[in-house]
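Reviewing the structure listed below.
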Amino acid sequence: MQVSLALRIFLPFALGYLLSSIFRSIGSLIANDLALDLGLNAGELGFAVSAFFLAAIFVQIPYGIMLDRYDPRKVYAVSLLLCAAGAIMVALTPNMLFLALGRAFIAIGTSASAVTSFKIYSMWFPPERLPLANGLSIASGGLGLMTGTAPAAAAMQFIDWREIHLIIAGFLVIGATIVVTIAPSKPTKSVGLTLGQQIKGLSVILKSSAFWRVAPFVAVLIGTFGGYPSLWTGPWVRDVANFSDSQTAILMLVLTAAMTASGLATGFLADLAKRIGLTPLDFCAFVGWIFVAILALIYLQWIPSDTAVFIIWFSFGFIAPLGMVMYPAMGALFPPEYTGRLNACLTLSWFLGSFMVQNIYGFVLNQFPTSDGSYALGGHRLGTGIMVLLMIGALIWFHLSLEFAKRQPAT
């Protein structure tokens, strides 16, 4: 494949992923401002911000069907425009409900980015190159997350969070234009199928034992990574590690830089795992157990030094995204024309997990009231402990169901 064509395939969707991902990390940065400006408690803030994940849950399946049915470029461009509309709504929000609605529209563009990128790359690139292509896509999302941390904090010295949302909305409109004008077009293999036939194909995925073996794992691993840093990491480091606002912004930048590094390393690490005899599923399980260890350190509130805190959260940001190897691993088990719906189902799993994590954590914090505007250490510990238990449970289910599948006769 010519380099120019590869760039036309990759860059427009990477740009959209970068721009929309800013909204995933900026929530943690502006959480205090939102709470003060709109008069929200922890539970209300958790709901308003997590409306992002709730909306993503409802749109994933219809979006996956549209990806397999229509031109993915045009479908994605529309989603970016809806994301821009949501950013404008957040910028003009007078209350929690309007904030939640704006976040819901933002979710349409943000949640579509990974699903669309993985779909497009599966149409153009050979299977053995998908971990690399998908990893680079994740890295572009990581750059967007980085932009929503320290750079956004620096910008807020001159403009407020409302103006930042308006500026990003303008760039999203430009990004949507680039997607439909620069990215090449290629007919999907589902052209000509009726809606009923596509829904039947969706049922094949949802009835598959292979999907349900990995869905809880994806929901908890990627869901914790998606939900926790976007809202509660900032309060954790301020309350537990006593970080200042500037230190918190730098830590969030380091965490998102870790995601970018993880995306760049995904292809190499997946190939290395294959050479030493690990299947993609084995690799994902290994990643999951390392993530349990990282969560355990956060639960123990182990902070011997500021450097240790940075290392822990860098590890958090580097390890969890490696679980995205599950996408090409599962894609190999289904026909190519199912890719959009399969990716949507996997993404639905972890968005549901993110919504659950954000709201459970906010509910737990509210059970430990304080009077100084911070959250109690006991609330942070219990909330993190629940995440540790959920991750262990998902891994046990994954191992047991995989072992059960190996003992069944081949079909």
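Treat the numbers as computed from the prediction; the structure is a model and nothing was measured. What's counted below: heavy atoms across the whole structure, side chains too, no hydrogens, waters or symmetry copies.
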message = Before you tell me yes or no, could you show the steps for N134 and S137 under side chain to side chain donor-acceptor pair (under 3.5 Å), namely the whole-Å CA-CA distance, both residues' side-chain angles and the distance that decides it to 0.1 Å?
response = CA-CA 5 Å; N134 291 350; S137 180; over 6 Å; no
Any donor-acceptor N/O pair, [X] side chain to [Y] backbone, under 3.5 Å:
{"X": "R341", "Y": "I65", "result": "no"}
{"X": "Y228", "Y": "Y361", "result": "no"}
{"X": "S21", "Y": "L18", "result": "no"}
{"X": "T93", "Y": "L99", "result": "yes"}
{"X": "E163", "Y": "D160", "result": "yes"}
{"X": "W232", "Y": "Q358", "result": "yes"}

Non-hydrogen side-chain atoms of Y327 and T347 separated by less than 4.5 Å =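 Y327 reaches T347 side chain to side chain.
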Between [atom1] of [X] and [atom2] of [Y], what distance do you get to the nearest 0.5 Å?
{"X": "L348", "Y": "N343", "atom1": "CG", "atom2": "CG", "value": "12.0 Å"}
{"X": "L15", "Y": "F171", "atom1": "CG", "atom2": "CZ", "value": "9.5 Å"}
{"X": "I290", "Y": "L295", "atom1": "CD1", "atom2": "CG", "value": "12.5 Å"}
{"X": "L19", "Y": "L143", "atom1": "CG", "atom2": "CG", "value": "11.0 Å"}

In terms of heavy-atom contacts, does [atom1] of [X] have more than 12 from other residues, nucleotides or ligands at under 6.0 Å?
{"X": "F105", "atom1": "CZ", "answer": "no"}
{"X": "W212", "atom1": "CH2", "answer": "no"}
{"X": "F334", "atom1": "CZ", "answer": "yes"}

ask   = Taking the six-membered ring for Trp, are F310 and F243 ring centroids under 6.0 Å apart?
value =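 Between F243 and F310, which both carry aromatic rings, the centre distance is below 6.0 Å.
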message = Going by the rule salt bridge (charged side-chain N to carboxylate O under 4.0 Å, His left out), which residues pair with R381 if we only count those two or more places apart in sequence or in a different chain?
response =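 Salt bridge (charged side-chain N to carboxylate O under 4.0 Å, His left out) list for R381, sorted by chain: empty.
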request  = Indicate yes or no: does D71 engage R73 in a salt bridge with an N to O separation below 4.0 Å.
outcome  =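 The answer is yes: the pair qualifies as a salt bridge.
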request  = Name all pairs fulfilling the ring-ring contact (aromatic ring centres under 6.0 Å, His included) condition that reach into residues 138-165, sequence neighbours left out, sorted by first residue then second.
outcome  = F23-H165
